[in-house]
Amino acid sequence: MDVYTAALIAGAAVSVIVIAVCSRYAARKRLRDFIRDQYGKKPEKRDLDLKLAGMYYAEAEHSDENGLVDDETWNDLDMEEVFWRINSACSFAGEQYLYAALRILSQDKERFAQYEQKIAFFEAEQEERAEIQYELHKIGKRPSFYYVPSFFNNADAFGMRHVWSYRIMQAVFLVSLLLCLILRTEWIFAAAGVVFLVNLAVYGTMKGKYDTQLEVIEGIYGLMRAAQKITDSRQGRFAQVSPELFRVAGELKHSEKKFVYLLGRKRTSASGDFMEMAAAYITGAFLLDFTVYNKIIREICAKMDTFIWLYELIGELDMLLCVASFRKSLPVFCVPGFHRELSVEMEDIYHPLIGHPVYNSVRLNKNTIITGSNASGKSTFIKAVAVNEILAQTIHTCTARSFMLPATYVKSSMAVKDNLMGGESYYIREIKSLKRTAFSVDGRLPVFCAIDEILRGTNTDERLAASAAILSYLQDKNCIVLVATHDLELLEMLRGSSYDYYYFSEQPEAEDVIF
């Protein structure tokens, strides 16, 4: 080969390397630009099964059932859509943690103070915030990753059985190879070949089983890698606002090597390249992957609390980035204030799902009935108050200029539907919904009860009598009742009770009606 040809080959090789490096740099720059551009904007709704997003919430143990946003309240208040309005999470853990946060009411002042400290950091240090989001984006949102909480709860069951047998097969294969080098006889080569084929058959049979778990383990490794990257590159103020992440990253730093080896082998075998796949199966005959896999399972089980802590810290960090972006995207927001009075005070409150909302300011002194014509905004207002009761006690953010409330549970009876398959009529479903609300008012905290069109599933006389009885019962309980109705007669029946009355008015104009 002459010098000219060698120079051309070297130049081509350098060009390929330069192009690859530049392409990688351009891809990273595009992602960073996308992250900066999307912050503070309304996130797009993704095609995601909320059962996956809710897996962390479903797998966790909950001691106080009243402190949860139950399924009926969640559906009544369109909380799934509220979740999507807030969800700009970069990682699967962020989405799962946000979902769980919106379903678990909290009155932990220390936790909320930490939330505010971290959100203030994101607002003040925009470049560092973008870099943190970049590392979280690299974790990814593969469907298999969402099973990490379930994996943690069942990690013992995922260990490979009879690992000692794989070690024996490894030893036999190594001894047969050694004898081939020493004796070099036909029967030794034949025996080594048989051992190779047996080990290869075992590897091929078991590979599919443990590959499924490797998908989940890759999600755990993504959390570890993100924690290491974030803590390695940010030793300033972020270490002060999230010292726990630095601590857990340090505790798991030496666990990474096992993950790197096994996941590197997985990517090689999944690359589709014939030579790499052949090499993977040849080395697979040594069954080393299985023993390393089992070491990882044992490592996770031995440090389970630390791995769960890692998941929760990354999830919380990503969730708070969602909250910071959500706040920035709103026309008006506030941090809630808590008081001991059984009343709710709000200034310029609105529903977070409405693009051009009508603001309302009111003080609800315990129990309130709202009337008004159809489409005047009664249901929307009740939902706005109930949703903000939840947002105040979950993500410490309200869509209002100011919002004062006591620590409360939240129950609703609004979007009731019949259950044909269960043989339950609309009326029966409504009675059960109201019963559930009425029976929840004897808990540790007062209950905010949101009721829309009470007992509309029956005739007027029975509806009025039953509604008056239910609302009279609730007025003496530890709750704040906000109810909408078209029945003006109900107001007369409750005259002299503890209920306040408000109404939504309308003003006809040339081609429209303004409520």
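- Formation of a donor-acceptor pair under 3.5 Å by the Lys41 side chain with backbone atoms of Lys328 is not found in this model.
- Figure legend: cation-pi geometry between Arg129 and Tyr39, with NZ or CZ positioned under 6.0 Å from the six-membered ring centre and within 45° of its axis.
- No donor-acceptor distance shorter than 3.5 angstrom exists from the side chain of Thr231 to the backbone of Ala249, with no hydrogens or angles considered.
- Although no hydrogens or angles enter the test, the distance criterion places no donor-acceptor pair under 3.5 Å between the side chain of Ser412 and the main chain of Met414.
- Nearest heavy atoms, Ile382 versus Ala450: CG2-CB, 3.6 Å.
- Using a 4.5 Å heavy-atom cutoff, the side chains of Val344 and Val362 are not in contact.
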CA sep, side-chain torsions, deciding dist, call: Leu471, Val483, side-chain contact (heavy atoms from CB on, under 4.5 Å): CA-CA 9 Å; Leu471 295 180; Val483 57; 4.3 Å; yes

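- No more than 12 heavy atoms of other residues, nucleotides or ligands shown are found within 6.0 angstrom of CZ on Arg401.
- For the pair Thr394/Ile104, no side-chain contact is recorded, criterion being any heavy-atom separation below 4.5 Å from C-beta on.
- Formation of a donor-acceptor pair under 3.5 Å by the Ser497 side chain with backbone atoms of Leu494 is found in this model.
- Side-chain contact between His351 and Phe381 is absent, with no heavy atoms from C-beta onward closer than 4.5 Å.
- Asp305 CG to Leu310 CG: the interatomic distance, rounded to the nearest 0.5 Å, is 12.5 Å.
- Smallest separation of non-hydrogen atoms from Tyr311 and Pro149: OH-CG, 3.6 Å.
- For the atom pair Ser242 OG and Leu313 CG, the distance stands at 6.0 Å (nearest 0.5 Å).
- Around OH of Tyr147, the count of heavy atoms belonging to other residues, nucleotides or ligands within 6.0 Å does not exceed 12.
- A distance-only check finds no donor-acceptor pair linking the side chain of Glu123 to the backbone of Ile119 [under 3.5 Å].
- Outside the 6.0 Å centre-distance limit, the rings of Trp74 and Phe83 are not counted as a close aromatic pair.
- A distance-only check finds a donor-acceptor pair linking the side chain of Gln96 to the backbone of Tyr146 [under 3.5 Å].
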Intermediate values then yes/no, side-chain contact (heavy atoms from CB on, under 4.5 Å), Ile354 and Tyr350: CA-CA 8 Å; Ile354 296 178; Tyr350 63 98; 6.0 Å; no

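- The pair Arg436-Asp70 meets the salt-bridge criterion, since a charged nitrogen lies less than 4.0 angstrom from a carboxylate oxygen.
- For the pair Ile220/Phe151, a side-chain contact is recorded, criterion being any heavy-atom separation below 4.5 Å from C-beta on.
- At least one side-chain heavy atom of Val335 sits under 4.5 Å from a side-chain heavy atom of Arg327.
- In the model, Ser343 has no side-chain atom that pairs as donor or acceptor with a side-chain atom of Asn365 under 3.5 Å.
- Counted by atom type alone, Tyr56 and Glu312 present one or more donor-acceptor pairs between their side chains at under 3.5 Å.
- No donor-acceptor contact under 3.5 angstrom links the side chains of Arg225 and Tyr221, judged on distance only.
- Proximity of Glu345 to His339: side-chain heavy atoms (C-beta onward) are separated by under 4.5 Å at one or more points.
- A salt bridge links Arg363 with Glu341: the closest approach of a Lys/Arg side-chain nitrogen to an acidic carboxylate oxygen falls below 4.0 angstrom.
- Salt bridge annotation for Lys118-Glu128: absent, with no cationic side-chain nitrogen under 4.0 angstrom from a carboxylate oxygen.
- For the residue pair Glu347 / Ser361, no side-chain donor-acceptor distance below 3.5 Å is found, with atom types taken as modelled.
- Between Glu244 and Arg247, none of the side-chain N atoms (NZ, or NE/NH1/NH2) sits under 4.0 Å from a carboxylate O, so this pair counts as no salt bridge.
- Expressed to the nearest 0.5 Å, how far CD1 of Ile369 lies from CG of Leu490 amounts to 5.0 Å.
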Audit row: Asp500, Leu364, side-chain contact (heavy atoms from CB on, under 4.5 Å) steps and yes/no: CA-CA 8 Å; Asp500 286 339; Leu364 302 179; over 6 Å; no

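- Residues Phe448 and Thr408 have side chains in contact (heavy-atom distance under 4.5 Å, counting atoms from C-beta outward).
- Put simply, the side chain of Gln107 reaches to within 4.5 Å of the side chain of Leu445, judged on heavy atoms.
- Between Glu81 and Lys45 there is a salt bridge, since a side-chain N of the basic residue sits under 4.0 Å from a carboxylate O of the acidic one.
- No hydrogens or angles considered: a donor-acceptor pair under 3.5 Å links the side chains of Ser255 and Glu299.
- With 3.5 Å as the limit, one finds no donor-acceptor pair spanning the side chains of Asp452 and Ser413.
- Enclosure of atom OH in Tyr503 is not indicated, since only 12 or fewer non-hydrogen atoms of other residues, nucleotides or ligands lie within 6.0 angstrom.
- Partner Leu102 forms a side-chain contact (heavy atoms from CB on, under 4.5 Å) with one of Asn87, Ile395, Val387 and no other, that one being Ile395.
- The main-chain N or O of Ile349 is never found under 3.5 Å from a side-chain atom of Asn360 such that the two would form a donor-acceptor pair.
- Interatomic distance, Ile217 CD1 to Ile296 CD1, rounded to the nearest 0.5 Å: 5.5 Å.
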Check against salt bridge (charged side-chain N to carboxylate O under 4.0 Å, His left out), Glu95 and Arg46: CA-CA 11 Å; Glu95 287 188 333; Arg46 291 199 312 114; 2.8 Å; yes

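- Between atom CD of residue Glu453 and atom OG of residue Ser467 there is a gap of 9.5 Å, rounded to the nearest 0.5 Å.
- Using a 4.0 Å cut-off between a side-chain N of Lys or Arg and a carboxylate O of Asp or Glu, Glu251 and Lys303 do not qualify as a salt bridge.
- Scanning both residues, Cys479 and Asn367, for their nearest heavy atoms gives O-OD1, 3.6 Å.
- From Leu245, atom CG reaches atom CD of Glu316 across 10.0 Å, with rounding to the nearest 0.5 Å.
- Between Lys229 and Glu131 there is no salt bridge, since no side-chain N of the basic residue sits under 4.0 Å from a carboxylate O of the acidic one.
- What you find for Leu252 and Gln228 is that their closest heavy atoms are C-NE2, 4.2 Å.
- When all heavy atoms of Val216 and Ser144 are compared, the pair lying nearest together is CG2-O, 3.7 Å.
- Aromatic rings of His396 and Tyr115 (six-membered ring for Trp) have centroids beyond the 6.0 Å cut-off, not under it.
- Scanning all heavy atoms of the two residues, the minimum distance from Pro352 to Leu391 falls at CG-CD1, 4.5 Å.
- No side-chain donor-acceptor contact under 3.5 Å links Thr73 to the backbone of Val69.
- Side-chain atoms of Asn153 and Glu59 include a donor-acceptor pair closer than 3.5 Å.
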Leu482 vs Ile370, side-chain contact (heavy atoms from CB on, under 4.5 Å): CA-CA, chis, key distance, verdict: CA-CA 8 Å; Leu482 181 58; Ile370 299 176; 3.6 Å; yes

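- Proximity of the aromatic rings of Tyr57 and His62 is defined here by a centroid distance below 6.0 angstrom, and this criterion is met.
- Side-chain contact check for Asp318 and Ser91: at least one donor-acceptor pair (N or O, by modelled atom type) lies under 3.5 Å.
- Ser329 and Arg85 form a side-chain donor-acceptor contact under 3.5 Å, judged by distance and modelled atom types alone.
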